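Predicted model, so just to flag it, every value in this text is computed and none were measured.
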Amino acid sequence: MQEQLVISAAEAVGVDVRVLAQDERGELFFQLERNFNIKINSRPLWDSNDSPDGVFRRDGWRVIPMFVGMKMCLVFLPRMKTILEFIDGASLLRVLEECPAFEFYVCDKSASYLLWYNEHDFVIGWGAAKPWVDNLKFWSHDGRTSQ
């Protein structure tokens with residue numbers, strides 16, 4: 001199970017993660033559907049006609065924690081069975097660096113944004129993350145703008 005791999009990686013690097021309770025998970029699912037008109041469990045989100053365009057970034061898993069910054073974030077996999085709470089983007093990056101590549105979502109508790117990194121190396125953003133993702137195409141892989 002991929003979720004267990006992430007939890008084990010967090011333990012290995014000394015990052016505390018909290019697993020959200022079932023009622024919190026249900027509330028987040030409701031918020032994401034209400035805010036973005038998406039159903040996480042139904043089909044791949046990029047398959048939807050109203051899905052935002054993504055940006056091809058092989059380092060997408062590495063730049064997403066930059067968007068999160070110093071704020072708390074929630075991370076889950078496509079089946080959304082387990083949602084993990086990270087204290088900030090730096091903690092998330094430390095854990096991702098210890099894991100093999102995998103598809104994942106990141107959002108905040110109020111679901112003001114949703115970021116998705118998929119197995120095709122695309123980063124897709126909804127809500128407050130969409131403009132940030134749109135600008136990723138102008139960033140070089142070292143974090144500088146390439147305009």
Worked verdict on Val19 versus Ile83 for side-chain contact (heavy atoms from CB on, under 4.5 Å): CA-CA 6 Å; Val19 176; Ile83 301 175; over 6 Å; no

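- Counting only residues at least two apart or on different chains, the salt bridge (Lys or Arg N to Asp or Glu O under 4.0 Å) pairs with a member in residues 7-22 are Arg18-Glu24, Arg18-Glu85.
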For a side-chain contact (heavy atoms from CB on, under 4.5 Å) check, start with the C-alpha distance between Leu77 and Glu3, then their side-chain angles and the critical distance, and finish with the verdict. CA-CA 7 Å; Leu77 303 174; Glu3 290 93 345; 3.5 Å; yes

How far apart are the C-alpha atoms of Trp116 and Phe122, what are their side-chain angles, what is the distance that settles it, and do they pass the side-chain contact (heavy atoms from CB on, under 4.5 Å) test? CA-CA 8 Å; Trp116 182 22; Phe122 270 82; over 6 Å; no

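- Checking side-chain atoms of Asn135 against main-chain N and O of Pro131 turns up a donor-acceptor pair under 3.5 Å.
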Side chains of residues 87-94: which donor-acceptor partners sit under 3.5 Å, not counting sequence neighbours?
residue: Asp88; atom: OD1; partner: Ala90; partner atom: N; Å: 3.3
residue: Asp88; atom: OD1; partner: Ser91; partner atom: N; Å: 2.8
residue: Asp88; atom: OD1; partner: Ser91; partner atom: OG; Å: 2.9
residue: Arg94; atom: NH2; partner: Val13; partner atom: O; Å: 2.3

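- Taking the side chain to side chain donor-acceptor pair (under 3.5 Å) definition, one finds that Asn35 meets it with nothing, sequence neighbours left out.
- With sequence neighbours excluded, the residues satisfying side-chain contact (heavy atoms from CB on, under 4.5 Å) with Ser112 are Asp108, Ser110.
- Of all heavy-atom pairs spanning Val106 and Tyr113, the tightest one is O-CE1, 3.6 Å.
- Residues forming a ring-ring contact (aromatic ring centres under 6.0 Å, His included) with Phe76 (at least two apart in sequence, or on another chain): Tyr105.
- The CD atom of Glu27 sits 7.5 Å away from atom CZ of Arg34, with the distance rounded to the nearest 0.5 Å.
- Phe30 and Leu74 fall into different hydrophobic clusters, where Ile, Leu, Val, Met, Phe, Trp and Tyr are joined by side-chain heavy atoms under 4.5 Å apart, directly or via other members.
- Listed by first then second residue, pairs satisfying salt bridge (Lys or Arg N to Asp or Glu O under 4.0 Å) with a partner in residues 61-72 read Arg62-Glu97, not counting sequence neighbours.
- Residues satisfying the ring-ring contact (aromatic ring centres under 6.0 Å, His included) test with Phe104, not counting sequence neighbours, are Phe102, Tyr117.
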Going through the checks in order, is the side-chain contact (heavy atoms from CB on, under 4.5 Å) test met by Thr82 and Leu20? CA-CA 7 Å; Thr82 303; Leu20 266 61; over 6 Å; no

